[in-house]
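Here is the naming used below: chain letters follow the sequence lines, and residue numbers restart at 1 for every chain.
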Number of protein chains: 2
Amino acid sequence: MQTEEEILKIKKVKNTAVRTVVLRHLLSLEKAQSLKDIENALPYMDRSSIFRTLKTFEENKVIHSIEDGSGMTKYAVCAEGCNCDPKDLHYHFYCTNCDKTFCLFDVPIPNIQLPKNFKLQQANMVVKGLCDNCNR
Amino acid sequence: MQTEEEILKIKKVKNTAVRTVVLRHLLSLEKAQSLKDIENALPYMDRSSIFRTLKTFEENKVIHSIEDGSGMTKYAVCAEGCNCDPKDLHYHFYCTNCDKTFCLFDVPIPNIQLPKNFKLQQANMVVKGLCDNCNR
DNA sequence: TAATCTTTGCAATCGAGTTGCGGTAAATGC
DNA sequence: GCATTTACCGCAACTCGATTGCAAAGATTA
Ligand SMILES: [Mn+2]
Ligand SMILES: [Mn+2]
Ligand SMILES: [Zn+2]
Ligand SMILES: [Zn+2]
């Protein structure tokens, strides 16, 4: 597992106090987080600073965003070597019971045969249902 | 192609003036529409009436909603026989250039092998890129 | 050091979505 | 038919996640 500093260096994002704290926080969690989640977890940090940090991270492929339909965009740290290309696509799982969102890095995404002349750039694939913890 | 009246009858939604107009409008278009899109197209109709109509339609499986990441939920008429079950799942294509969203009814969705004990209920699968018209 | 560029904190704003409420229309009961 | 109940509609106000303007603080460069 890479450290915050290593990741920021690789992705050429300048290391600041806010960025280190936000990235460390994201790395410490296994679930995708919303801006509100992060705000709540780091109450001494300013919302707009976190917001701009997330934007910077996303632009520089440090994290990727997920629209899980909960009304809040969620963010998760990109896997090592991820470049946010179609090849890095993976499903996300949104638990309708506990409202948590997971990156399913291990579930393969099949080739999608688009209609003629359509060009694939990215995707937002969210599978919804019950997570293992809620499915009892 | 079924008429508005037929669809509403099948789905057991009472036929009113607002509902007929909104559904007819959706049927006349090949792309998914946002509330704002519909508002703009039908300026004499009230936003909240359209909104509540869309909610009623969605609850009764007349339409389904799509989170395409554009910031606005889009809505498309369900295919004949659709019950909004996992079996009715299909990809959606969002064009990052012209901001249009398509239902890809003809592209098969493969089986998704979820992690142990995860239960599939629904999905929001949005593929993004350039549509045939914008990919030149 | 002085000038310049970047990041941060705070407050204000935006905008899609949602709701309360009173009026109108449709359905129900007699 | 007429009274009562229920559903729907239009309008305005509100919610809340996201975004921005601006000035202060910090970092970088000359
Ligand atoms: Mn992910
Ligand atoms: Mn669709
Ligand atoms: Zn869960
Ligand atoms: Zn297009």
Check whether [X] reaches the backbone of [Y] with its side chain - one donor and one acceptor, N or O, closer than 3.5 Å.
{"X": "B:K11", "Y": "B:N60", "answer": "no"}
{"X": "B:D88", "Y": "B:C84", "answer": "yes"}
{"X": "B:E6", "Y": "B:T3", "answer": "yes"}
{"X": "A:R19", "Y": "A:K14", "answer": "yes"}
{"X": "B:D68", "Y": "B:S70", "answer": "yes"}

For [X] and [N], what is the distance between atoms [atom1] and [atom2] respectively, to the nearest whole Å?
{"X": "B:L35", "N": "C:dA16", "atom1": "CG", "atom2": "P", "result": "9 Å"}
{"X": "B:D46", "N": "D:dA13", "atom1": "CG", "atom2": "C1'", "result": "13 Å"}
{"X": "B:E39", "N": "C:dG15", "atom1": "CD", "atom2": "C1'", "result": "11 Å"}
{"X": "B:I38", "N": "C:dG17", "atom1": "CD1", "atom2": "C1'", "result": "14 Å"}
{"X": "B:K36", "N": "C:dC14", "atom1": "NZ", "atom2": "P", "result": "13 Å"}
{"X": "A:I50", "N": "D:dT19", "atom1": "CD1", "atom2": "P", "result": "14 Å"}
{"X": "A:Q33", "N": "D:dG17", "atom1": "CD", "atom2": "P", "result": "15 Å"}
{"X": "A:R47", "N": "C:dA12", "atom1": "CZ", "atom2": "C1'", "result": "11 Å"}

Neighbours of DNA chain D within residues 4-24 of chain B, by heavy-atom distance under 4.0 Å
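Those residues whose heavy atoms fall under 4.0 Å from DNA chain D, taken from residues 4-24 of chain B in numerical order, are B:K14, B:T16, B:V18, B:R19.
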Qualifying residues under side-chain contact (heavy atoms from CB on, under 4.5 Å), relative to B:R52, sequence neighbours excluded
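B:R52: side-chain contact (heavy atoms from CB on, under 4.5 Å) contacts with B:S48.
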Option from A:H90, A:E58, A:K74 for which side chain to side chain donor-acceptor pair (under 3.5 Å) with A:H64 holds:
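Checked A:H90, A:E58, A:K74 against A:H64; only one passes side chain to side chain donor-acceptor pair (under 3.5 Å): A:H90.
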Looking at [atom1] of [X] and [atom2] of [Y], how far apart are the two atoms once the value is rounded to the nearest 0.5 Å?
{"X": "B:T73", "Y": "B:F51", "atom1": "OG1", "atom2": "CZ", "value": "9.5 Å"}
{"X": "B:K61", "Y": "B:N83", "atom1": "NZ", "atom2": "CG", "value": "4.5 Å"}
{"X": "B:L89", "Y": "B:C82", "atom1": "CG", "atom2": "SG", "value": "9.0 Å"}
{"X": "B:Q2", "Y": "B:L23", "atom1": "CD", "atom2": "CG", "value": "9.5 Å"}
{"X": "B:D46", "Y": "B:I50", "atom1": "CG", "atom2": "CD1", "value": "7.0 Å"}

Please examine the side chains of B:T101 and B:K31, heavy atoms only from C-beta on, and report whether any two atoms are closer than 4.5 Å.
no
Is any side-chain nitrogen or oxygen of B:S49 closer than 4.0 Å to OP1 or OP2 of D:dG10?
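For B:S49, the contact criterion (side-chain N or O under 4.0 Å from OP1 or OP2 of D:dG10) is met.
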Starting from the first five and the last five pairs of the helix from C:dT1-D:dA30 to C:dC30-D:dG1, work out the angle between the resulting helix axes, to 10 degrees.
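Taking the rotation axis at each end, their angle is 20°.
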Tell me which donor-acceptor pairs under 3.5 Å the side chains of residues 104-132 of chain A have, and how far apart each pair is, sequence neighbours excluded?
from: A:Q121; atom 1: OE1; to: B:T96; atom 2: OG1; distance (Å): 2.9
from: A:N124; atom 1: OD1; to: A:E67; atom 2: N; distance (Å): 3.2
from: A:N124; atom 1: ND2; to: A:E67; atom 2: O; distance (Å): 3.0

May I ask you to verify whether the side chain of B:S48 and the base of D:dC9 hold a donor-acceptor pair under 3.5 Å?
no
Quick test: give all pairs of protein nitrogen or oxygen and nucleotides 24-26 of chain D nitrogen or oxygen below 3.5 Å, distance rounded to 0.1 Å.
none

In residues 51-73 of chain A, which residues come under 4.0 Å of DNA chain C by heavy atom?
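Contacting residues: A:R52.
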